[in-house]
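Below: the structure, in C-alpha cells.
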Amino acid sequence: MCGIAGFITPPGQTADPELLRRMAQTMILRGPDGEGIYTDGSVGFAHRRLSVIDLEGGAQPMSSADGSMVVVFNGEIFNFLELRKELEDRGMTFRTRSDTEVLLAMYETFGSDFVKRLDGFFAFALYDRRRRIILLGRDRLGVKPLYYGIWKGFFAFASEIASLRCLPFAELDRNSVDPVMAAHFFCYQYVAPEKSIYKNLWKLPPASIGIVHLQEEGGTTDGIKGDALVIQRYWSLDYSEKIHVSYEDACGELERRMRRAVSQRMISDVPLGVSLSGGLDSCIVAGLAAELSEKTLECFSIGFPVPEYDESCAARIAAEHLKKSFAVHGLNHHVKMADPSDFSLLEFLSVRFGEPYADASMLPTLLLSRFSREFVTVALSGDGADEFFGGYERYIAMNYMRKIRPVPKSLLKAASALLPSGGERSRMGRLKRFLVCASEDPQKQYESIVTHRGRSVLQLFASPELRNAAEQLDKGFDCSEENLCCLHTAQDIAEFCMEEDVHNYLPGDILVKTDTCSMAASLELRSPFLDHHVAEFAASLPVEWKLEGKKRKRILMDAFRKYLPCDPEKIRKRGFGVPLALWFRTCWNAKMKEHLLDPSFADGVFVERSGIERMIKDHEQGRADYSPMIFSLLMFSFFEKNQKA
C-alpha cells in the first residue's frame, strides 16, 4: 500500500524533483517505509511506500528492464503469482518478487487490456516512453483513490488532495469550490464518487483507465487541455442475469469464492490480522482466516463507553467461538476500550480526507486502525458485504414502501407528525423516519432515506447560491417499477437500491472512509467481500436469496452459519456508529459552536449564521435531531479552515 503522485508540464518546461518530493511528503502516513522520485523531461512521478510484498526489491517508481516504461503503483495484485507464472512461461524474466514488476510486464505483453486480468485493488500511473502516453488505472470497485486535475497546461494526479495542494499552479481554493458538490455533500455527507469538491479536480472512476497523450517537444506550448484524459471503462456488474442453480449449490459456490478471496488476501511479507466486530461479516472473514492461517491469527476489536454503540462483548464471544472450533494454530484476540469523542480526531481526519466528509463512523474506524497497527501492518475487514448481500435496513424499508403505496400520502404524513422524534437508533425514531420517507413520491423515497432529509434541512442554513446548487442535483432515484430497467440493470426495487449503493455510496462513502482512516494509521486494509468474483456472484443471485422478509443477508447467514457463535438472526447489526446527538448537546457543544458560529465560516458565502443558530438551538432543546447536518457543517468548517492554512 502506498501513495502515488505526479504531473506533466507544458512543453519546454521540466518536472521539478523538489516539488515532487513535497508532494510525496504529504503522503508519508500512506507510505512510511520509503520514498522515490522519477523525472524525464516534462514527466515527474513521486511515490511513498508501505512495504508489504517483497520488502527489499519493491521500491518505486519502478522501471522496466529496458527503461521504456515507468510505473507508480498503490495497492495489491492478489493473483500476481499466477500472472507471473504465465509470463515466465512466455519467456519473461523478473528481477524482483513484487507485484509491481508483474504489472509492468503485463502491460508490455497485453497493452492497456491487461487491467482486465488483474485481481486486486489498485491505482497506478504508467509512463510509456515509446508511445509517449501516461496510463492511469483504478480497480473495479474504487477501493484505492486517484485524483487528477488540469490547470494552466499542467496535468497532475495523486492519491490525496493534500499532495496536489503542493502544486503552485493548482487552483484549489475557496473560489474553486463547486457549489453543486458542496450541496451534494450536505445532502449525502460525501462528495460524488467521480468528482471532487473543486470544479477543476476529479477522481478517476472505478473500473476505468485514463490515457493522456504527451505533446511532442517543439509543438504548441499550451500544454495539456481540459479534454486530454480519455477515460475507458473496463468492467461493470450486471444484476439482470441470474444464476439457475439450487440454493444449496449457491451457498457452496459462495463459500468457495470467499475462501479463495480470503486466501489471496492473506499473502503478505509482514504481520497480518483481522478486524473483528462480532457481527456477521467480520465473523465470516475471521472464521475463514482462522482456518487458512498457518500461524496464530491476530484479531482486533475496540469497545466504547456508550453501551448502545459498544460491540466489544459480541466480539469477545465471537473470538472464543472461532478460537475453539476453527483456529488450527490458535487465535489471539486484542481488545481496547476507546473514546471516539476526542474532538482532535475530527481536525486530524479533516486534513487526511482533503475535502468535506461527514460519515461519523470514521472516528471508530481510525481508532481501530491505529490499534491494529500496533501489532500488524495488514488487516482483513468485512466491508462490502452490506451492499452486495442486502445488509442495510433501508432495502427492507423500500420493499415495505412499495407495499403501502396505496395508502394516501396525507395519512402517512399525519401519522409521522404524531410520533416523537425519538433517539438516533430507537424504534420510534426509525418508524417516524420510515413514515416520512414513505410519504414522498416513489422517485424521492430512497433519496429521502439516504440523505437524512438533506435537501429540506439545507434550506435552514444554506446561502442562496448553495440552495440553487442543490436544485441542480438529480431529482431522485426513480424506484417505480416501470423505471427500474431503464436506469439500472437491477429489476427489483430493493436490488435497484443495492446497485445504486455499489455505484455511489460504496465508492463515495464507505471506501473513502476505510482507505483514508487505515492509511492515516499506515495500515493496509483488505476486504475479501470486495473481490470482484464475489461481487459478480452476488449480483447474479436472486434477490430473495439476499433479502427474505425481515431477514437480511440470508445466503451469508446460511452459507457461513458455522462461524457464528449463535443463531445469526439474533446478531444485532450495530454498525460503527457514535452518539452524535448526545455529544452535540454535551461534550462537543462548546467547540461545535466555536467553529460553526465563527464569522469567517458563517459569512453567507456557503452558509448563513442565523440559520445555523436556529438549528443548534432546536437541537440543544430536543425539538429536533439535527446531528447529521450539524456534523456535516462541522466537517465543512474544518475543510474551509484547512484551505486557508
Considering all heavy atoms, the nearest Met615-Val457 contact: CE-CG1, 3.8 Å

Measuring from Leu363:CG to Leu346:CG, what's the distance to the nearest 0.5 Å? 5.0 Å

Close side-chain approach of Leu20 and Phe7, heavy atoms under 4.5 Å: yes

For Ala520 and Arg352, the nearest pair of non-hydrogen atoms, with its separation, is CB-CG, 4.1 Å

Whether the Asn589 and Glu620 side chains hold a donor-acceptor pair (N or O, under 3.5 Å, no angle test) is what I'd like checked. yes

Is the side chain of Ser637 donor-acceptor paired with the backbone N or O of Leu634 at a distance under 3.5 Å, no angle test? yes

Look only at the side chain of Ser416 and the backbone of Lys432, and say whether a donor-acceptor pair between them is shorter than 3.5 Å. no

Ion pair present between Asp603 and Arg174, side-chain N to carboxylate O less than 4.0 angstrom? yes

Side chain to side chain, Arg402 and Asp492, heavy atoms closer than 4.5 Å: yes

So do the side chains of Lys513 and Cys517 get within less than 4.5 Å of each other, counting heavy atoms only? yes

Work out which heavy atom in Ser112 is nearest to a heavy atom in Ile209; give both atom names and the distance. CB-CD1, 3.8 Å

Nearest 0.5 Å, please: how far is CG in Leu511 from OH in Tyr505? 10.5 Å

Closest non-hydrogen atom pair, Phe461 against Met629: CE2-CG, 3.4 Å

Do Leu167 and Phe154 have side chains that get closer than 4.5 Å, going by heavy atoms? no

Would the distance check show the side chain of Gln472 and the main-chain N or O of Val180 forming a donor-acceptor pair, the cut-off being under 3.5 Å? no

Might you point out which heavy atoms bring Lys409 and Ser439 nearest each other, and give the distance in Å? CD-O, 3.4 Å

Using a strict cut-off of less than 4.0 Å between a Lys/Arg side-chain nitrogen and an Asp/Glu carboxylate oxygen, indicate whether Arg394 and Asp501 qualify as a salt bridge. yes

Ignoring hydrogens and geometry, is there a side-chain-to-backbone donor-acceptor pair from Ser208 to Leu204 under 3.5 Å? no

Note: Lys591-Glu594 ion pair, threshold 4.0 Å (strictly below): no

If we ignore hydrogens and angles and just use 3.5 Å, is the side chain of His619 paired with the main-chain N or O of Tyr626 as donor and acceptor? yes

Separation of Thr516 OG1 from Leu525 CG (nearest 0.5 Å): 11.5 Å

Name the orientation class of the two ring planes belonging to Phe584 and Phe631 (parallel below 30°, tilted from 30 to 60°, perpendicular beyond 60°). tilted

Pair Val72, Phe124 - check side-chain contact (heavy atoms from CB on, under 4.5 Å), show working. CA-CA 6 Å; Val72 282; Phe124 66 82; over 6 Å; no

Should the ring pair Phe636 and Phe601 be called parallel, tilted or perpendicular, given that the plane angle runs from 0 to 90° and is split at 30 and 60? tilted

Checking the side chain of Asn200 only, and the main-chain atoms of Glu171 only, is there a donor and an acceptor separated by less than 3.5 Å? yes

Within this structure, what is the CG-CZ distance for the pair Leu633 and Phe186, rounded to the nearest 0.5 Å? 5.0 Å

Answer with yes or no whether the side chains of Asp509 and Tyr357 bring together a donor and an acceptor at under 3.5 Å. yes

Distance from Arg48 atom CZ to Arg30 atom CZ, nearest 0.5 Å? 13.0 Å

Classify the ring geometry of Tyr198 against Phe639: parallel below 30°, tilted from 30° to 60°, perpendicular beyond 60°. tilted

Main chain of Tyr190, side chain of His184: is a donor-acceptor contact present, judged purely on distance under 3.5 Å? yes

Under 30°, 30 to 60°, or over 60°: which ring-plane class applies to Phe45 and Phe157, parallel, tilted or perpendicular? perpendicular

Whether Ser42 side chain and Ile8 backbone form a donor-acceptor pair below 3.5 Å: no

Does one side chain, of Asn642 or Ser350, offer a donor that lies under 3.5 Å from an acceptor on the other? yes

Would you indicate whether the side-chain heavy atoms of Leu530 and Asp139 approach each other to under 4.5 Å? no

Please evaluate residues Phe434 and Ile449 with respect to the criterion side-chain contact (heavy atoms from CB on, under 4.5 Å), reporting the C-alpha separation (whole Å), side-chain torsions for both, the decisive distance (0.1 Å), and the verdict. CA-CA 8 Å; Phe434 171 80; Ile449 291 176; over 6 Å; no

Quick one: closest heavy-atom pair of Lys199 and Trp202, and the distance? O-CZ2, 3.6 Å

I'd like to know if Lys203 pairs up with Glu355 as an ion pair, taking the criterion as any Lys NZ or Arg NE/NH1/NH2 lying under 4.0 Å from an Asp or Glu carboxylate oxygen. yes

To the nearest 0.5 Å, how far apart are CZ in Arg609 and CG in Asp598? 8.5 Å

Do Arg138 side-chain atoms and Pro205 backbone N/O form a donor-acceptor pair below 3.5 Å? no

Sub-4.5 Å side-chain heavy-atom contact between Ser632 and Gln189: yes

Thr365 vs Leu368, test: side-chain contact (heavy atoms from CB on, under 4.5 Å). Steps then yes/no. CA-CA 5 Å; Thr365 302; Leu368 179 58; 6.0 Å; no

Testing the 3.5 Å rule here: is there a donor-acceptor pair between the side chains of Tyr392 and Glu387? yes

Taking it one step at a time, do Asp515 and Val143 satisfy side-chain contact (heavy atoms from CB on, under 4.5 Å)? CA-CA 7 Å; Asp515 173 77; Val143 177; 5.9 Å; no

Can you see whether Phe348 has Arg370 sitting over its ring - NZ or CZ less than 6.0 Å from the centre and within 45° of the normal? yes

Side-chain touch Val502/Tyr239, heavy atoms, less than 4.5 angstrom: yes

Check: Ser627 side chain, Leu580 main-chain N or O, donor-acceptor pair, under 3.5 Å: no

Report yes if the side chains of Leu141 and Pro206 come closer than 4.5 Å at any heavy-atom pair, otherwise no. no

Would you call the rings of Phe343 and Trp588 parallel, tilted or perpendicular if under 30° counts as parallel and over 60° as perpendicular? perpendicular

